[in-house]
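See structure below.
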Amino acid sequence: MVRRALILIEGHKGNGLEYVQAARRLGLYPITLSADPTQYDYVATDSVQTIRVETDNLEAMIHECSQLRTTYDIAGITGFSGDDESVYVAVARLCRHFDLPGPDPASIERCCDKFVQRESLAEAGVPMPAYRLAANATEIETFAAEIGLPVILKPAEGSGSKGVRLCRSIDELVEHTSYLLTGEYIWRSSPKILIEEFADGPLYNAQIMGNEIIGIAESEFGPPPHFVSRELTFPILLPDQEHERIADVSLSCLQALGLGWGPTNIEFRWTKRGPTMIEVNPRLGGAPDPQLVQLAYGVDLITEHVKLVIGDEWNLAKRHSHTATARKLIADRDGILERIDGDGRAAAIPGVAEVRFYVQPGTPIITKGDSRDCIGYVIASSPSHARTKATLQRAVDLINLSITPFAAPSEREQFDHSYPSAAGRY
C-alpha cells in the first residue's frame with residue numbers, strides 16, 4: 001500500500017514538531033523540504049525525512065514533489081513563514097499546481113505585501129491607521145510630516161516585527177531610515193517602506209479558521225521603540241458589543257482580501273475609534289498561539305489545519321472555556337548565555353502547562369528588537385483568569401537567566417556573522 005505523505009515546506013522552531021506529530025496521528029508520513037534542514041532541531045531528533053531544496057525556487061520544489069509522487073501518495077502540502085511570507089505563497093502555488101486543497105495564491109500574495117494589503121482593505125472601508133509608501137529617505141521624511149509623529153516605520157514585506165520601529169522624533173526617524181536603507185537590514189528586493197500613524201491602544205489578536213473566529217487574545221509588547229511580543233492571553237475579557245465589533249471587522253478583512261480558507265490571524269489596536277486593523281496574516285500564528293487556543297477552548301488548530309490540508313473534515317467545536325496565558329522569555333542584552341534553568345521547578349507548579357527553552361547555555365545572544373529575541377516561553381492555564389495570571393508569574397519567577405556581556409564590540413560582530421538569531425527561524 002502506498003504511504004500517504006504530508007509535505008512540509010521549511011520548518012518552525014515552535015510549531016514544526018507539532019505539525020509532524022499531528023501528521024503521524026492522522027496516519028500521514030511527514031516529509032520536510034528545506035534549504036537548510038539542520039536549522040530545525042526536531043528534524044534530527046524526531047527522525048523526520050528531509051530533502052534539501054531551494055524553497056525560494058518554485059520549479060525546484062515542483063520537481064521534488066513530482067519525484068516524491070512516484071513513491072508516495074501526497075495527501076497535502078503546507079509550510080511555514082520565515083523572515084518573510086514568501087514560503088506560504090509558494091505553498092499555495094504548489095497546492096494549485098498539484099490540485100491539492102490550499103489557499104488562493106493571489107490572496108496570499110496580496111497579504112504578503114503590506115501596502116497592497118492596506119490598499120485592498122482601505123477600499124473595503126476597513127478602519128486602519130493612516131499610511132504611506134516610500135522608497136527613499138526624502139519620501140519617508142515628507143510622509144512622516146504629513147501623518148505626524150510618532151509614526152511606525154517598517155518594511156512593506158516581512159514578518160516577526162523585523163525592521164519595525166516606533167519613531168517618536170525626527171532623530172529616531174532619521175536613525176531608523178538609515179538602518180533600513182543603508183544599514184544592516186537585508187532587502188530581498190527594492191526597498192519599500194511603510195510609514196504608518198501610531199495607533200495607540202490595547203493590542204488584540206483574532207485567531208480564525210476558515211470564516212470562523214476561534215478566539216480573540218490580548219497581547220502585550222515590550223518597551224518601545226521595538227515591538228517584541230511579551231505576553232498573550234486567551235480569551236480577552238471584552239463586553240459582547242466590543243467583541244462583535246472586532247468580529248465584524250475581522251470578517252470584512254477576510255472578504256476584502258479573498259481569504260477564508262484555512263488559518264488567519266489578525267492584529268488590532270482598540271483606539272478611540274474602536275477596533276483599528278494593524279495587520280492580517282494569512283496563516284496560523286506562531287507558537288505559543290496554537291497551544292493557548294487548545295488550552296483555552298480545547299481546539300487543536302494544528303491538527304484541524306492538517307485535516308483541511310489533506311481534504312478531511314475538520315472539527316472546530318469548543319470543548320471548554322478556560323484562561324490560557326503565555327509569557328515569552330526575552331533576551332534583554334547581548335552576550336553569552338551562561339545559565340538558563342528552573343524549567344523543571346516551574347513546570348511542576350499545578351496549572352503550568354508548558355515551559356520551553358529555545359536555547360542552551362553557551363549560546364551567543366544577539367538581540368534584534370524583534371521576534372528573534374524570544375528564547376523561550378512559559379504557559380499557564382486554569383478556569384480562572386486571576387489564578388492563571390498568578391500561576392504564570394510564580395512560574396516565571398523560578399526561571400534563572402544569566403547573560404554575560406561580550407568583552408568587546410568585535411566579539412559581538414564575530415558572533416553576529418557566525419550565528420543566526422538565538423531563536424532560529426521564526
Side-chain angles (χ1 to χ4, degrees), residues 81-86 89 109-201 203 219 221-229 253 256-257 266-269 271-273 276-282 366-373 413 416 421 426:
S81 296
D83 290 342
D84 60 18
E85 305 284 359
S86 61
V89 176
E109 193 164 19
R110 188 180 303 121
C111 288
C112 294
D113 185 317
K114 294 180 175 63
F115 177 71
V116 174
Q117 178 187 125
R118 287 207 176 282
E119 292 283 270
S120 300
L121 294 172
E123 188 176 340
V126 173
M128 70 182 75
Y131 64 95
R132 303 286 191 278
L133 182 69
N136 56 57
T138 300
E139 291 180 347
I140 289 173
E141 187 172 343
T142 299
F143 294 147
E146 289 180 5
I147 293 173
L149 296 176
V151 295
I152 305 294
L153 213 60
K154 65 183 182 183
E157 297 180 356
S159 65
S161 295
K162 298 176 183 70
V164 181
R165 295 291 185 277
L166 173 65
C167 300
R168 297 158 292 190
S169 66
I170 291 296
D171 288 344
E172 290 183 351
L173 186 74
V174 170
E175 179 184 6
H176 194 51
T177 298
S178 176
Y179 168 79
L180 289 175
L181 294 178
T182 62
E184 301 175 6
Y185 191 81
I186 298 173
W187 293 91
R188 297 174 182 269
S189 57
S190 299
K192 294 168 59 179
I193 298 172
L194 273 174
I195 304 95
E196 297 181 351
E197 171 192 7
F198 176 53
D200 196 10
L203 179 66
S219 182
F221 281 137
H226 307 296
F227 292 89
V228 180
S229 175
C253 289
L257 294 168
I266 305 178
E267 295 178 3
F268 297 92
R269 290 274 189 183
T271 71
K272 59 185 179 182
R273 295 174 292 181
T276 299
M277 195 285 304
I278 300 300
E279 192 165 289
V280 177
N281 297 300
I366 308 292
T367 56
K368 303 290 187 181
D370 56 42
S371 63
R372 292 170 291 182
D373 293 348
E413 293 175 6
D416 202 11
S421 62
Y426 172 64

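Just the heavy atoms: all of them, side chains too, but no hydrogens, waters or symmetry mates, feed the values below.
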Measuring from [X]:[atom1] to [Y]:[atom2], what's the distance to the nearest 0.5 Å?
X      : Y      : atom1 : atom2 : answer
Asn136 : Ile193 : CG    : CD1   : 8.5 Å
Leu203 : Thr276 : CG    : OG1   : 11.5 Å
Ile152 : Leu166 : CD1   : CG    : 4.5 Å
Cys111 : Asn281 : SG    : CG    : 8.0 Å
Ile140 : Leu153 : CD1   : CG    : 5.0 Å
His176 : Tyr185 : NE2   : OH    : 8.5 Å

- Message: One pair to check against side chain to side chain donor-acceptor pair (under 3.5 Å): Ser161 and Ser371. What are the steps and the verdict?
- Response: CA-CA 6 Å; Ser161 295; Ser371 63; over 6 Å; no
- Carefully, step by step, assess Phe143 and Tyr131 under the rule side-chain contact (heavy atoms from CB on, under 4.5 Å). CA-CA 8 Å; Phe143 294 147; Tyr131 64 95; over 6 Å; no
To check you understand the geometry: which heavy-atom pair defines the closest contact between [X] and [Y], and what is its length?
X      : Y      : value
Ile278 : Phe268 : CG1-C, 4.0 Å
Leu149 : Ile170 : CD1-N, 3.8 Å
Ala124 : Ala256 : CB-CB, 3.6 Å

- Does Glu141 CD have over 12 foreign heavy atoms under 6.0 Å away?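 Open: at most 12 neighbouring heavy atoms sit under 6.0 Å from CD of Glu141.
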- N-O pairing of Glu175 and Arg165 below 4.0 Å: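 Salt bridge: no.
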- Query: Hey, is Lys368 close enough to Asp370 for a salt bridge, meaning N to O under 4.0 Å?
  - Reply: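 The answer is no: the pair does not qualify as a salt bridge.
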- Do the side chain of Ser178 and the main chain of Val174 share a donor and acceptor less than 3.5 angstrom apart?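 No.
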- Item | Ring geometry between Phe227 and Phe221 (parallel below 30°, tilted from 30 to 60°, perpendicular above 60°) |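 Aromatic pair Phe221/Phe227 classed perpendicular.
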- Please assess Leu121 against Met277 for the test side-chain contact (heavy atoms from CB on, under 4.5 Å), listing each intermediate value before the final yes or no. CA-CA 9 Å; Leu121 294 172; Met277 195 285 304; 3.1 Å; yes
